[in-house]
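Whatever order the structure lists them in is the order used to number ligands and atoms, beginning at 1.
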Amino acid sequence: MQRIGILLSGRGSNFIAIAEAIRQRRLPGAEIAVVLSNLPNAAGLEVARSLGLPALAIPSAGRKRAEHDAEMIAALHNHRVDMVCLAGYMRIISPEFVHAFPNRILNIHPSLLPAFPGLDVQAQALEYGAKVAGCTVHFVDEAVDHGAIILQRVVPVLDEDTPESLSARILVEEHIAYTEAIARVLSGEYHLLGRRYVLRNRP
Ligand code: GAR
């Protein structure tokens, strides 16, 4: 079994999509080992508990990043986690954290990177006048919203869109993308050529 550790700070809809994919056996060989949040009142923690999954708050407020991350890493090791999925974890992780799980930390971001890293990116895409938007699942490296891209899914931007309507359209794709990206990484059927994630055994 490949044991996944989920990190979240909010409602956890991406986490729920991953949990649902596991329940429906669309991610064979994977299980969620623990759900961690830096925010004790994150709704996603409650959902995890209701699903019978170990869920822990490790509050970050007022703590040094290195100290908080060390506690997060220890919790992930305690739960024998093989792969870490950031699912709306709204906190930058330290290089030490990245090195603790080399090429085993994934993140989902609601834009087509490298366009619009950072926060409120759906509103940024709209204001910029982009005609397509989407989401990116990537490996986490030491820079923010930067590691090698595993996959992206695209949606149109409509004239009548608001940040809310565009976010909702992207979120539907996020839920498909994250499960697909986890399956690809767990399969091991890829290599990284620099930043390029490429499938192995391509004819
Ligand atoms: C998602 O849209 C995710 O892409 C985004 O936060 C939301 C979390 O929603 N993540 C980032 O912006 C990270 N830079 P969720 O809690 O319902 O999964």
Side-chain angles (χ1 to χ4, degrees), residues 4-23 27 30 32 34-51 53 55-58 60 65 68-69 72 83-94 97-98 101 105-128 130 132-157 161-182 185:
I4 297 174
I6 303 268
L7 271 55
L8 53 77
S9 303
R11 66 193 160 183
S13 75
N14 277 288
F15 148 59
I16 294 165
I18 295 165
E20 188 61 11
I22 290 174
R23 196 184 65 78
L27 280 175
I32 295 176
V34 67
V35 178
L36 300 178
S37 181
N38 62 316
L39 299 180
N41 56 2
L45 282 179
E46 271 314 304
V47 179
R49 291 187 187 113
S50 74
L51 294 174
L53 295 168
L56 291 174
I58 300 180
S60 56
R65 189 178 310 284
H68 180 257
D69 277 1
M72 296 288 283
M83 172 191 274
V84 179
C85 293
L86 309 185
Y89 186 61
M90 304 311 269
R91 195 171 157 78
I92 292 169
I93 69 172
S94 59
F97 199 154
V98 175
F101 294 90
I105 307 179
L106 275 54
N107 181 43
I108 189 153
H109 182 77
S111 80
L112 297 172
L113 290 172
F116 312 120
L119 296 174
D120 296 323
V121 298
Q122 301 94 334
Q124 283 187 52
L126 209 52
E127 277 158 28
Y128 194 88
V132 292
C135 62
T136 303
V137 185
H138 63 92
F139 289 110
V140 172
D141 67 8
E142 293 183 17
V144 176
D145 298 331
H146 175 267
I149 292 171
I150 301 160
L151 66 84
Q152 296 183 302
R153 289 180 70 89
V154 178
V155 301
V157 178
D161 265 333
T162 61
E164 291 72 29
S165 65
L166 180 57
S167 298
R169 191 176 308 117
I170 294 171
L171 194 63
V172 171
E173 302 306 316
E174 292 188 41
H175 296 163
I176 299 167
Y178 219 158
T179 296
E180 176 63 28
I182 292 168
V185 172

Ile92 atom CD1, over 12 foreign heavy atoms within 6.0 Å: no
Distance from atom 14 (N) of ligand 1 to nearest protein heavy atom, with residue and atom: His109 ND1, 3.2 Å
Considering all heavy atoms, the nearest His175-Thr179 contact: O-OG1, 3.7 Å
Sub-4.0 Å heavy-atom approach of Ile108 to ligand 1: yes
Nearest protein heavy atom with distance in Å, relative to atom 3 (C) of ligand 1: Glu174 OE1, 3.3 Å
Exercise: identify the closest heavy-atom pair between Leu119 and Met90: CD2-CE, 3.7 Å
Any N or O of Ser13 closer than 3.5 Å to N or O of ligand 1: yes
Proximal candidate to atom 18 (O) of ligand 1 [heavy atom criterion; set Leu119, Asn14, Leu8]: Asn14
Step-by-step side chain to side chain contact (heavy atoms under 4.5 Å, CB included) determination, Val35 to Ser37: CA-CA 7 Å; Val35 178; Ser37 181; over 6 Å; no
Glu173 side-chain N/O to Val154 backbone N/O, donor-acceptor pair under 3.5 Å: no
Criterion side chain to side chain contact (heavy atoms under 4.5 Å, CB included) on Leu51 and Phe15, from CA distance to verdict: CA-CA 11 Å; Leu51 294 174; Phe15 148 59; 4.0 Å; yes
Arg11 N/O to ligand 1 N/O under 3.5 Å: yes
Nearest-neighbour protein heavy atom for atom 5 (C) of ligand 1, which is reported as residue plus atom name and distance: Pro110 CD, 3.8 Å
Which residue and heavy atom of the protein sit nearest atom 6 (O) of ligand 1, plus the separation: Gly88 CA, 3.8 Å
Min heavy-atom dist Gly12 to ligand 1 below 4.0 Å: yes
Rounded distance [0.5 Å steps], CG in Asn14 versus CG in Leu86: 11.0 Å
